[in-house]
Amino acid sequence: MLAGGGNALDAALATNAMLWAHYPHMCGLGGDVWILYYEAATSRVHCLNGTGGAPRLATPDEYARRGYTQMPQKGPLSMVVPGAAAGWDDASRRFGTIAVSDLLRPAAKAAYEGVEITPKLAGWMAKDRELLAGDPGLAAVFTKEGEPLPAGATLRQSALAATLDHIADVGFSDFYGGETGEAIARGVSEAGGLLTTDDLKAHTSIWVQPVTTRFDGVQVVTTPPNSQGIASLEILNLLSLLEGGRATPGSSRQLNAFLEARRLAYVDRNRYLGDPSHVSVPTDLLSSLDHARRVADDAQATPRCSSAPMGGDTVYLGAVDRWGNACSVIQSICHSFGSGFVPTGTGVLMANRGAYFSFDPQHPNVIAPGKRPVHTLMASMALKDRRPWLVFGTMGGEGQPQTNVQVLLRALAGESPADAVAAPRVLSGQLFPGDADDQLHAEENLGADVIAELRQFGHNVKIVPPHDEMMGHAHAILIDGDRIQAGVDPRSDGAAPEPASADSNADAAIEERSS
């Protein structure tokens, strides 16, 4: 797309669509999207909230009437309105230069002709074999004779291909008010879900102000509530204040400060985060250095935070172009294979983002009609002199703020983006079954000395293998004048065992980045 004259947004959207064919367990039309777009002409970062709200019938009382004491994690009752299609449409109309039909056709062709199943996709299919077998639409695509397709086999999604071709012909409005929307609503209703055609027709994505803070000479920009991006900014503000926060990234002193900052920031995230159109979220306060000072001063009195299992069922991608535009995109169907439900004939795997809602009436994330749920999704950029310096992000559910901060700190310390995303990481929280809320996972190549010192600091360390997929797939592009470097995470499917920077000037890098 870049080589053909498209800009960073065109390239990012086309890549996102192609991932619907290649990585359907982590992203798709039935999910949500957040987009940060730096517009070089105005030196401004725009933010699109492409997340959907709860159905109009979705209330705690309605779920209680159906016998639920907590939100279902899968199935038609775990759904909200999918926001990705409208988000795509709005972003492309405002900033795109290539027709949406041309962005979708290659993905439709790949879905129809088939793609090779990667080892990690095959692994998730094996883990979710019961879920795949339980839905006719999923079973027809992902299984053969009752068994998940193996790595190396061809994955064909003909119904999805037909839906993409249809939308390419008639436009994304069809997803909400046309044949596609009617088929989705009908399928959900027949399966006992709450989503209706009225819910789909009422949906709009929204342009919002990104949230920002300054740290070590860069302006860090990320997605605002209902996204958890605010937590990464509070972590950075706290690191500027805590003992050891400015030590060498990856050292035990720095990691100990980072983990304390994570603890404090997640307490605030859990206390305040919700849909700003339904609850008051003190976004400016939480991103301020003054608030970080008060939190740091009162750290001993702050209780341990709780967190949901982190997971990693999302895709992140970034793009830059020859004109200086940059795009940071994160897109997801929530958990692996989303809700596990495909409305008949659509090929659209519906997300289960509603699983994040609460039934507690005092909780900022309590379910309500039209309310957007809390989102783990967050996209990020760092600017120098009002221009993009680092475009970065990661999949990884609850762990995204932690991974993003670690990548940024290493880039600020002078590491290439390839080295920054490949470097050993830590993640605190529930990553594997049986983990405690504050379980610390450390990749083995962090070093025996560092791990021993973290234990001396009092952390409950669990060692995981180097480049473990569950530690997230982070990616980054660093722009330094006319020198551009890109780093892809070796924890992901598409990376070489020994990642190397794509290092080149802005003109020559276009073809390399587009591949």
Side-chain angles (χ1 to χ4, degrees), residues 13 16-17 20-21 24 27-35 48-58 62 74-93 99-101 103-105 107-108 111-112 135-138 140-141 157-206 331-334 337-354 369-373:
L13 294 183
N16 188 188
W20 300 343
C27 64
L29 263 178
D32 294 312
V33 68
W34 286 88
I35 300 173
L48 184 133
N49 180 342
T51 70
R56 295 182 180 186
L57 298 176
E62 175 62 25
K74 294 286 186 178
L77 288 171
S78 68
M79 297 174 192
V80 296
V81 177
W88 250 67
D89 195 26
D90 290 343
S92 183
R93 287 176 184 273
V100 165
S101 58
L103 302 179
L104 289 176
R105 299 289 187 198
Y112 181 77
D135 179 79
L138 289 176
V141 171
Q157 301 177 78
S158 57
L160 175 63
T163 294
L164 294 180
D165 273 330
H166 179 64
I167 290 174
D169 289 336
V170 303
F172 273 108
S173 60
D174 186 79
F175 188 90
Y176 298 95
E179 294 178 13
T180 305
E182 290 175 359
I184 289 172
R186 182 171 57 252
V188 172
S189 176
E190 291 173 352
L194 301 176
L195 195 65
T196 67
T197 52
D198 287 341
D199 294 316
L200 292 170
K201 291 176 181 178
H203 172 75
T204 58
S205 47
I206 50 177
Q331 209 259 304
S332 176
I333 54 172
C334 197
F337 297 100
S339 65
F341 178 79
V342 177
T344 302
T346 66
V348 176
L349 181 51
M350 302 292 287
N352 62 323
R353 184 59 63 175
K371 186 176 183 179
R372 289 173 164 89

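Just so you know, these numbers use all the heavy atoms, side chains as well, and skip hydrogens, waters and symmetry mates. Computed from a prediction, not measured in an experiment: that's the story for all the values here.
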Would you say the ring centroid of W20 lies under 6.0 angstrom from that of W88?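 Yes, close enough.
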
Do you know which two heavy atoms are closest between [X] and [Y], and how far apart they sit?
X: A159; Y: G345; result: CB-O, 4.1 Å
X: L77; Y: G192; result: CD2-O, 3.7 Å
X: S92; Y: L13; result: CB-CD1, 4.0 Å
X: D32; Y: P82; result: OD1-C, 3.9 Å
X: Q331; Y: A84; result: NE2-CB, 3.8 Å
X: S101; Y: A168; result: CB-O, 3.4 Å

Roughly how far, to the nearest 0.5 Å, is OG of S339 from CG of L195?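 OG of S339 is found 10.5 Å from CG of L195.
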
Measure the OG1-CG distance between T196 and L57 for me, rounded to the nearest 0.5 Å.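 Answer for the OG1-CG pair, T196 versus L57, is 6.5 Å.
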
L194 and E62: side chain to side chain contact (heavy atoms under 4.5 Å, CB included), yes or no, with the steps? CA-CA 10 Å; L194 301 176; E62 175 62 25; 4.2 Å; yes

Side chains of [X] and [Y]: closer than 4.5 Å at any heavy-atom pair?
X: D174; Y: E179; answer: yes
X: F175; Y: V348; answer: yes
X: H166; Y: V170; answer: yes
X: F341; Y: N352; answer: no
X: L160; Y: L164; answer: yes
X: Y176; Y: H203; answer: yes
X: R353; Y: S332; answer: yes
X: V100; Y: R93; answer: no

Run the numbers on I206 and R372 for side chain to side chain contact (heavy atoms under 4.5 Å, CB included), then give the verdict. CA-CA 12 Å; I206 50 177; R372 289 173 164 89; 4.2 Å; yes

Decide side chain to side chain contact (heavy atoms under 4.5 Å, CB included) for W34 and T51; before the verdict, give the C-alpha distance in whole Å, the side-chain angles of both, and the deciding distance to 0.1 Å. CA-CA 7 Å; W34 286 88; T51 70; 3.3 Å; yes

Identified side-chain contact (heavy atoms from CB on, under 4.5 Å) partner of L104 from the options I167, L29, T163: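 Option passing the side-chain contact (heavy atoms from CB on, under 4.5 Å) with L104: I167.
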
Look only at the side chain of [X] and the backbone of [Y], and say whether a donor-acceptor pair between them is shorter than 3.5 Å.
X: D89; Y: G171; value: no
X: S78; Y: G354; value: no
X: T346; Y: P343; value: yes
X: Q157; Y: A21; value: yes

Evaluate the side chain to side chain contact (heavy atoms under 4.5 Å, CB included) criterion for residues D165 and R105: first the C-alpha distance (whole Å), next the side-chain angles of each, then the deciding distance (0.1 Å), finally the verdict. CA-CA 7 Å; D165 273 330; R105 299 289 187 198; 3.1 Å; yes

With a 4.0 Å cut-off, would you call D135 and K74 a salt bridge?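 Answer for the salt bridge query: no.
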
